[in-house]
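In each ligand, atom 1 is the first atom listed, and ligand 1 is the first ligand listed.
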Amino acid sequence: MKLLDKEFEKYISELEIAERVSELAEEISENYANDEVLILSVLNGAFIFTADLIRNLQCDYQLVFVFANSYDGMESSGEVKTCYTFGRKLLQGKRVLILEDIIDTGNTLKYLLSEIHQQKPQGIEIASLLLKPDAYKLDKKIRFVGFNIPNDFVVGYGMDYNESGRNLKDIYILKHQK
Ligand code: 5GP
Ligand code: MG
C-alpha cells in the first residue's frame with residue numbers, strides 16, 4: 001500500500017484492534033469502577049482509539065482533549081507543543097487517564113506529565129494503543145498497553161504520515177526497502 005512517497009504493509013487488522021480495544025476498556029472499567037476517571041485524550045492521533053474505547057467503557061468518566069504535537073514527518077522533533085481545550089484547573093484532585101495512540105520515546109508524555117502534575121491531580125495513569133518499548137525512555141509505567149510494536153513507523157487508525165492515512169481501518173507498518 002502506497003501512502004505519499006512510502007510503501008506500507010498491513011500490520012494489525014481492524015478485527016485485532018477491535019478485540020484488543022474492548023479488552024482494554026474492560027481493564028480500564030475495572031480499574032476505575034469506584035471512582036470517576038477524567039480521560040485526557042491526546043489529539044490528533046488518539047481520536048479514533050478514544051471513540052472506540054469510550055463506547056466500550058462501563059465506568060463513570062469525563063472526557064477532555066489536549067492537542068500535542070512533536071512529530072515532523074517520520075521523526076520526533078523533540079520539541080513538544082500542547083494546546084488544552086479546557087481550563088486546566090479541571091485536572092485538580094482528579095484521577096486522570098491519558099489516552100495516547102502511540103508512545104515512542106516518551107517525549108510527548110514527559111512534557112504532558114509535567115504540565116498535568118502542576119495541577120495536582122489525585123493520580124495519573126496512561127493508556128496507549130501502541131507502545132515502542134525499545135524506544136521508550138521514561139520510568140513512568142504505561143499501565144494499559146494495546147500492542148507492543150518494534151521501532152518502526154506505523155500509520156492508520158488515527159495515526160498519520162504527514163496528515164495522510166488517519167482514515168485507514170487497519171494499522172500499517174513501513175515496508176523496509178529491499
Ligand atoms: P514520542 O514523543 O513518544 O516520541 O512520540 C509520541 C507521538 O509521536 C505519538 O503520540 C504520535 O503522535 C507520534 N508517533 C510516534 N511514533 C509514531 C509512528 O510510528 N507513527 C505515527 N503516525 N506517529 C507516531
Ligand atoms: Mg499521539
At a 4.0 Å cut-off, with the gap strictly under it, does some heavy atom of Lys132 reach an atom of ligand 1?
yes
N/O donor-acceptor pair under 3.5 Å between Lys94 side chain and Gln62 backbone
no
Close approach, Leu130 and ligand 1, non-hydrogen under 4.0 angstrom
no
Under 4.0 Å to a heavy atom of Gly106 - the qualifying atoms of ligand 1, by number:
1 (P), 3 (O), 4 (O)
Does the plane of the ring in Tyr161 sit parallel, tilted or perpendicular to the ring in Phe8? Use 30° and 60° as the thresholds.
tilted
Any idea which atoms of ligand 1 are less than 4.0 Å away from a heavy-atom of Ile102?
6 (C), 9 (C), 10 (O), 11 (C), 14 (N), 15 (C), 16 (N), 17 (C), 18 (C), 19 (O), 24 (C)
When clusters are formed from ILVMFWY side-chain contacts under 4.5 Å, directly or step by step, what else is grouped with Leu15?
none
Side-chain donor-acceptor pair under 3.5 Å between Asp52 and Tyr157, yes or no?
yes
Within ligand 1, which atoms have a heavy atom of Glu100 less than 4.0 Å away?
10 (O)
Under 4.0 Å from any heavy atom of Asp152, which atoms of ligand 1 are there?
19 (O)
Would the distance check show the side chain of Thr85 and the main-chain N or O of Phe65 forming a donor-acceptor pair, the cut-off being under 3.5 Å?
yes
Looking at ligand 1, would Tyr161 count as a contact under a 4.0 Å heavy-atom criterion?
no
Under-4.0 Å heavy-atom contact with ligand 1, by part of Leu109 that carries it:
neither
Could you check whether Glu125 and Tyr32, counting side-chain N and O atoms only, form a donor-acceptor pair closer than 3.5 Å?
no
Heavy-atom nearest pair, Val42 first then Ala68, reads CG1-CB, 3.6 Å
Among Thr108, Leu43, Asn162, whose heavy atom sits nearest atom 2 (O) of ligand 1?
Thr108
Are the side chains of Tyr136 and Ile142 in contact, using a 4.5 Å heavy-atom criterion?
yes
Relative to the heavy atoms of Asp160, which atoms of ligand 1 are at a distance of less than 4.0 Å?
21 (C), 22 (N)
Check if Gly45 has a non-hydrogen atom at a distance under 4.0 Å from any atom of ligand 1.
no
Is the CZ atom of Phe67 crowded by more than 12 outside heavy atoms at less than 6.0 Å?
no
Quick one: does Val155 get within less than 4.0 Å of ligand 1, heavy atoms only?
no
Lys89 side chain to Gln119 main-chain N or O, any donor-acceptor pair under 3.5 Å?
no
Check for me: within less than 2.8 Å of the Mg ion (ligand 2), which protein N/O/S atoms show up?
Glu100 OE1, Asp101 OD1
